[in-house]
Amino acid sequence: MQQVYMDHGATTPLHPEVIAVMTDVLTNHYGNPSSVHAWGRDAKKRLEEARTSVAKLIGAQPEEIFFTSGGTEADNMAILGVAKGLEKKGKHIITSAIEHHAVLYPCEVLKKAGYDLTILPVDDQGRVRPEDLALALREDTVLVSIMHANNEIGTLQPIAELARIAKERGVLFHTDAVQSVGKIPVNVNELGVDLLSFSAHKIYGPKGVGALYIRRGSRILPLTHGGGQERRRRPGTENLPGIVAFGKAAEIAQRDLTAEADRLTKLRDRLIDGLTAIPEVRLNGHRTERIPTNVNVSFRYIEGESLLLSLDLKGIAASSGSACTSGSLDPSHVLLAIGLSHEIAHGSLRLTLGRINTEDDVDYVLREVPVVVERLRSMSPLYNQ
Amino acid sequence: MQQVYMDHGATTPLHPEVIAVMTDVLTNHYGNPSSVHAWGRDAKKRLEEARTSVAKLIGAQPEEIFFTSGGTEADNMAILGVAKGLEKKGKHIITSAIEHHAVLYPCEVLKKAGYDLTILPVDDQGRVRPEDLALALREDTVLVSIMHANNEIGTLQPIAELARIAKERGVLFHTDAVQSVGKIPVNVNELGVDLLSFSAHKIYGPKGVGALYIRRGSRILPLTHGGGQERRRRPGTENLPGIVAFGKAAEIAQRDLTAEADRLTKLRDRLIDGLTAIPEVRLNGHRTERIPTNVNVSFRYIEGESLLLSLDLKGIAASSGSACTSGSLDPSHVLLAIGLSHEIAHGSLRLTLGRINTEDDVDYVLREVPVVVERLRSMSPLYNQ
Amino acid sequence: MYTEKVMDHFTNPRNVGQLENPSGVGEVGNPTCGDIMRIYIDVKDNVIQDIKFKTFGCGAAIATSSICTEMVIGKTIEEALELTNKDVASALGGLPANKMHCSNLAADALHEAIKDYKNKSEQG
Amino acid sequence: MYTEKVMDHFTNPRNVGQLENPSGVGEVGNPTCGDIMRIYIDVKDNVIQDIKFKTFGCGAAIATSSICTEMVIGKTIEEALELTNKDVASALGGLPANKMHCSNLAADALHEAIKDYKNKSEQG
Ligand SMILES: Cc1ncc(COP(=O)(O)O)c(C=O)c1O
Ligand SMILES: Cc1ncc(COP(=O)(O)O)c(C=O)c1O
Ligand code: FES
Ligand code: FES
């Protein structure tokens, strides 16, 4: 049976060149970067080379990159760290309704601790309206956190415009760019953001490593305390093999960005056209302001998990905005935020493309999905053909 | 030139079997354990198998193991998480003067936030006196955190006795076992601890992964917030290759524990005997209640960094309790706590043995160290032979 | 995550569909997740002669629907009423912890269908 | 972390030792880390004819001591007094940021030795 992995939004396979450098570090470069001896100096050198590669991918300076254990930690560090660092300035935070839980939940934890939290709504394509942000900013606002590309529906936010509005009011701006980095050009200076999170395993690097970009001079306190690594902002022996692999993945992402974006945009558009030809289906997210890799559609009358299971039985790996996916039972807060009913949000399918996908994969998916949808609809009490 | 790595306390080379499984996961098992499709289920299965192996090494149940990014995060999670979780019970924490900074600093952060902190002293061999703990416990004590084996001087604490005293008073007990796990038998039930931190890269596993053991029913809040991974206690896409490698390292550690402990104890004792034959040298830490891998000696009249540099030039990788090692300039708080003067603490050498060390390595070190010590002493204004 | 039995019933569900002139129909929504199930029964001489279902729900919901219909076909009304969610789940070889609520759908819809049949026969 | 020049001076330090009858001796402790340096000078005709040092300190301390002695030998007292910590550090091709304080030791000890010489010659 054909095997088609179309869940690159969840995680990506490592690029072969990344596996090669990582295995080399695992095998030959085991020193602790804090050690003064030859093994340590070798490790330190590789650490800093990787930092430079990662910085380059987003147009930052190496000393503005702080390695973390992934996107979640980077998001938490940005939000909780800035809140703690600017406690004296104020206790108001602004975010959007469609953030990843790694942003929403720390914001909610701050709310419980007495912060004011403004959650900006989005339009029916999932975009924050700049005028809403302008109205929400206050004297005591310490941080705005709005994601670059949404993980479920792929919609891109007008970050440069939003960040400019925050900057005019002297407020730090964080963006969760876990889903945009490596897929579209991301430059911290063009975007004008002060903090930016990203994660290696979404760009063909390993799981367990990510980074937070912190613009020089931004006030932020660490989440954890210990050794002096990462200039005291993130203690603990550095994950050297992971970080070096991240560096390699960043180099490759930068090198291949345009070619892959073009190729994947074509595949994405073929998928969108093919799937929206099925009756009673809707495309979720913005038609054009979306990352090249994301397709998200809702099929009326059917439920996400059984859709995923059925596709899985055909060798197709996909995901869903549905309840069951993550063990939580609430329908996706993102799909509800763009105005879908619970029932329709329930029947959503996310296909996320990547390096390993081919035209052939798209053909296969476009052949199988209608069959599965038809079968499940025929079992649905909501459907009367 | 001979190359002798004797800094296993800082980090260890990966075991070849660990490299093999890790490379396999990196290459072939890239699914996200939260995904429902075949790739995800495969990842999930491997994740839980690794959890079982890691749990076994310390005599815990798999559901009591929570994977983190390393020892530092595990320590911080234990201390800050229990403090937050038991905020209503009280605000008093007890620790010891010789903890790793990954324990001491979060305690100090709590102190700044209004907690009472008792730092128990140690005797001249680095042991906490159980009667001191008994006296320090209060109605509002929420946590005792005392390390199992010290990272600088290798001294083992009487954890079972200390934990029993805390338990009698209904207080949670955490131990940082980063330096003992894999070197001596560690069993959470025999020790009677409620929380225990450990780290893969100290047991021939990869950097960037560790675990916190949390006894079932212990109240603790997470440090970071996001997805539902690790039963909501530690969100973020799991570092699957690292975790599976940690599982393998745990299996090997358990399998080879007794044989390696015996072999290394002999090497350690030869090193201690040989080095303490040099004039004006002292052994730091307990002579017998110490891990099989640790040697720590202070040479009067010489300074640690120049000692390390000199050994490095001879191909010997070691570390020091000295200021310069970590970029901090204060002499080791551990050596001061066992009563050394600043000046003597400055001239300390830590040699930490491991799997790759041989009799031949010990011979080489015992030949070269006296030469280096003599040379540096001849340059020292403090030394008059 | 699912047992082979669950996957079998999910892939080849028994008794999917609807009955033309059912003796009773029951429809319930799962309060936990909003999923929906409808069961049609045909009762003669107090025995469930035929049964069909339609389910809008997760894999566990479809599998429990399927096995539930198989378990009660040919049973008397009284026997069918004794069927519990747990029976259904264990007939499938168990369900993941976070999926136990899904097994409520089938037994509840069946009980609703029987209630509907009783109402109708009392009226008729 | 250290330049080749630092490692050269660390490995083969110039002018280590002490003088039998020095014109001046200076000893300073580094307030940042507690490390200690002692410098002996032999001055004739206002010129530093010979110089020796002993250092209890890190690699940077030893290397700066060594190069400092090399830099001032044959210089007049006035020239020697102009030597700054920065001169010493840059002669070594730079020092890591957290090691800049180490370069203080050498110049400070030299200045102390010159002061001692001056005191003695005024008295004598
Ligand atoms: C938008 C977004 N933010 C944050 C994360 C969390 O990243 P990680 O799983 O690497 O911690 C993800 C990935 O799931 C994501 O898609
Ligand atoms: C006793 C002790 N605790 C904690 C740590 C921190 O572990 P990691 O560097 O894996 O975060 C170490 C290692 O340096 C240690 O030796
Ligand atoms: S999640 Fe709704 S029935 Fe299973
Ligand atoms: S650290 Fe003391 S002189 Fe360098």
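Throughout, protein chains are lettered first and strands after them, A, B, ... in sequence-line order, and every chain is numbered starting at 1. Worth knowing before you read on, the calculation uses all heavy atoms, side chains too, and leaves out hydrogens, waters and symmetry mates.
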Seminar exercise, completed: Nearest heavy-atom approach of A:S306 to C:G57 is OG-O, 2.8 Å
Problem set entry | Closest approach of C:M7 to A:L313 (non-hydrogen atoms, all atoms of both residues) | CE-CD2, 3.8 Å
Exercise. How many angstroms lie between OG1 in C:T55 and CD1 in A:I302, if you round to the nearest 0.5 Å?
Worked result: 14.0 Å
Seminar exercise, completed: Nearest heavy-atom approach of A:E303 to C:F56 is N-CE1, 3.7 Å
For this session: Check whether any side-chain heavy atom of A:L382 lies under 4.5 Å from a side-chain heavy atom of C:K54, and answer yes or no.
Result: no
For this session: Determine yes or no for a side-chain-to-main-chain donor-acceptor pair under 3.5 angstrom, with A:H342 supplying the side chain and C:C33 the backbone.
Result: no
For this session: Below 4.5 Å from any heavy atom of chain A, which atoms of C:A60 appear? Answer side chain, backbone, both or neither.
Result: backbone
Seminar exercise, completed: If one checks every heavy atom of C:I36 against chain A at 4.5 Å, the contacting part turns out to be both
Seminar exercise, completed: Value for CZ (C:R38) from OG (A:S380), rounded to nearest 0.5 Å, stands at 8.5 Å
Problem set entry | C:G59 to A:E305 - nearest heavy-atom pair and separation | N-OE1, 2.6 Å
Problem set entry | Side chains of C:P13 and A:R375 in contact at under 4.5 Å (non-hydrogen atoms) | yes
Exercise. What's the spacing between A:S310 OG and C:I62 CD1 if we round to 0.5 Å?
Worked result: 7.0 Å
Exercise. By a 4.5 Å heavy-atom criterion (distance strictly below it), what part of C:S65 contacts chain A: side chain, backbone, both, or neither?
Worked result: neither
For this session: Please state whether the side chain, the backbone, both or neither of A:L309 comes within less than 4.5 Å of a heavy atom of chain C.
Result: both
Exercise. Does atom CD of C:E4 have more than 12 heavy-atom neighbours, drawn from other residues, nucleotides or ligands, at distances under 6.0 Å?
Worked result: no
